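This report refers to the structure that appears directly beneath it.
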Amino acid sequence: MFMKRELRIAKCGLACCLCSENGQCSGCNAGECPDKEWCENRKCSLEKQISHCYECGEDCRKGLLDGIKAYTFTIFCKRYGEEQLLDCLEKNEQNGVIYHREGFHGDYDDFDDVEKLIDFIRTGRKA
């Protein structure tokens, strides 16, 4: 799979640009996501009139932020910005880091600690 950077990061922090569904989906921010009707994070960000969960001042774990990947990607964007996350994801993909393997589980899902996952995002190496 090759990153489609133009699809960027979803409202919840997941990487639309690396999603295995990006052949059928224009990304969360295009408003055409097949999951838009049930996505709590999309509804909340629209209500708050923000483009992404990382723009919110709350430390929220609702919806897809309940998972380590989306939550940590959101924290990463709060600290370093979306462009830095995209740069790291692109570099990691080029170095063999897999966003999705068989379904929706990949290398970024193999963590239970936010700081360790942030380090992995930045370096592409597991400690």
Side-chain angles (χ1 to χ4, degrees):
M1 174 183 304
F2 295 100
M3 181 171 172
K4 290 187 176 182
R5 193 176 179 113
E6 67 275 10
L7 294 181
R8 308 204 52 87
I9 301 298
K11 293 179 182 305
C12 66
L14 291 177
C16 290
C17 58
L18 290 171
C19 181
S20 61
E21 294 181 10
N22 69 18
Q24 302 88 23
C25 178
S26 300
C28 174
N29 296 310
E32 299 172 14
C33 176
D35 302 324
K36 71 180 183 180
E37 297 306 318
W38 63 262
C39 180
E40 287 182 66
N41 305 101
R42 181 180 187 279
K43 289 176 187 176
C44 183
S45 64
L46 291 173
E47 286 171 10
K48 291 183 177 184
Q49 297 181 340
I50 57 176
S51 65
H52 293 83
C53 294
Y54 65 75
E55 294 177 348
C56 183
E58 296 177 34
D59 184 24
C60 174
R61 296 299 295 253
K62 72 175 156 185
L64 293 169
L65 293 176
D66 186 43
I68 187 79
K69 183 167 45 182
Y71 181 73
T72 303
F73 283 16
T74 296
I75 297 298
F76 190 99
C77 286
K78 283 184 180 192
R79 290 184 191 171
Y80 307 109
E82 183 177 345
E83 288 304 318
Q84 183 68 35
L85 177 60
L86 290 167
D87 290 346
C88 289
L89 294 174
E90 189 167 30
K91 177 185 64 135
N92 289 345
E93 182 190 41
Q94 291 167 355
N95 290 326
V97 174
I98 298 173
Y99 188 73
H100 290 316
R101 276 189 313 276
E102 296 183 28
F104 291 100
H105 185 87
D107 292 330
Y108 296 101
D109 298 291
D110 293 335
F111 291 84
D112 56 11
D113 179 272
V114 170
E115 295 307 320
K116 287 181 181 176
L117 179 49
I118 285 175
D119 187 58
F120 178 68
I121 294 166
R122 294 185 74 178
T123 67
R125 294 184 311 269
K126 293 185 181 180

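Along the sequence shown, residues carry numbers from 1. Given the structure is predicted, the values throughout are model-derived calculations rather than measurements. What's counted below: heavy atoms across the whole structure, side chains too, no hydrogens, waters or symmetry copies.
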Can you tell me how far apart [atom1] ([X]) and [atom2] ([Y]) are? Round to the nearest 0.5 Å.
X	Y	atom1	atom2	value
Glu55	Cys77	CD	SG	9.5 Å
Gln94	Phe2	CD	CZ	9.5 Å
Asn95	Arg125	CG	CZ	10.0 Å
Gln49	Glu47	CD	CD	10.0 Å
Arg122	Leu85	CZ	CG	11.5 Å
Cys53	Leu65	SG	CG	4.5 Å

Quiz item: Counting N and O atoms only, with roles assigned by atom type, does the side chain of Lys11 sit under 3.5 Å from a partner on the main chain of Ile50, one being a donor and the other an acceptor?
Solution: no

Quiz item: Would you find a donor on one side and an acceptor on the other, under 3.5 Å apart, between the side chain of Asn41 and the backbone of Leu64?
Solution: yes

Quick check: do [X] and [Y] have side-chain heavy atoms less than 4.5 Å from each other?
X	Y	value
Tyr99	Met3	no
Lys62	Cys44	yes
Tyr108	Val97	yes
His52	Arg8	no
Cys88	Phe76	yes
Cys19	Leu7	no

Quiz item: Checking side chain to side chain contact (heavy atoms under 4.5 Å, CB included) for the pair Ile121/Phe73: CA distance, chi angles, key distance, verdict?
Solution: CA-CA 9 Å; Ile121 294 166; Phe73 283 16; 3.5 Å; yes

Self-check item: hydrophobic_cluster_shared for Tyr54 and Leu14, side chain cutoff 4.5 Å
Solution: no

Exercise. State plainly whether one hydrophobic cluster holds both Ile68 and Ile75, where clusters connect Ile, Leu, Val, Met, Phe, Trp and Tyr through side-chain heavy atoms under 4.5 angstrom apart.
Key: yes

Exercise. Identify the two heavy atoms, one from Cys12 and one from Thr74, that lie closest to each other, and give their separation to 0.1 Å.
Key: O-OG1, 2.8 Å

Quiz prompt | Asp107 versus Gly96, closest heavy-atom pair with distance | solution = OD2-O, 4.0 Å

Quiz item: Partners of Asp109 by side chain to side chain contact (heavy atoms under 4.5 Å, CB included), sequence neighbours excluded?
Solution: Lys69, His105

Quiz item: Does a salt bridge link Arg5 with Glu83, judged by any charged N lying under 4.0 Å from a carboxylate O?
Solution: yes

Do any side-chain atoms of residues 111-120 form donor-acceptor pairs under 3.5 angstrom with protein atoms, and if so which ones, sequence neighbours left out?
{"from": "Asp113", "atom 1": "OD1", "to": "Glu115", "atom 2": "N", "distance (Å)": "3.1"}
{"from": "Asp113", "atom 1": "OD1", "to": "Lys116", "atom 2": "N", "distance (Å)": "2.8"}
{"from": "Glu115", "atom 1": "OE1", "to": "Arg79", "atom 2": "NH1", "distance (Å)": "3.0"}
{"from": "Glu115", "atom 1": "OE2", "to": "Arg79", "atom 2": "NH1", "distance (Å)": "3.3"}
{"from": "Glu115", "atom 1": "OE2", "to": "Arg79", "atom 2": "NH2", "distance (Å)": "2.6"}

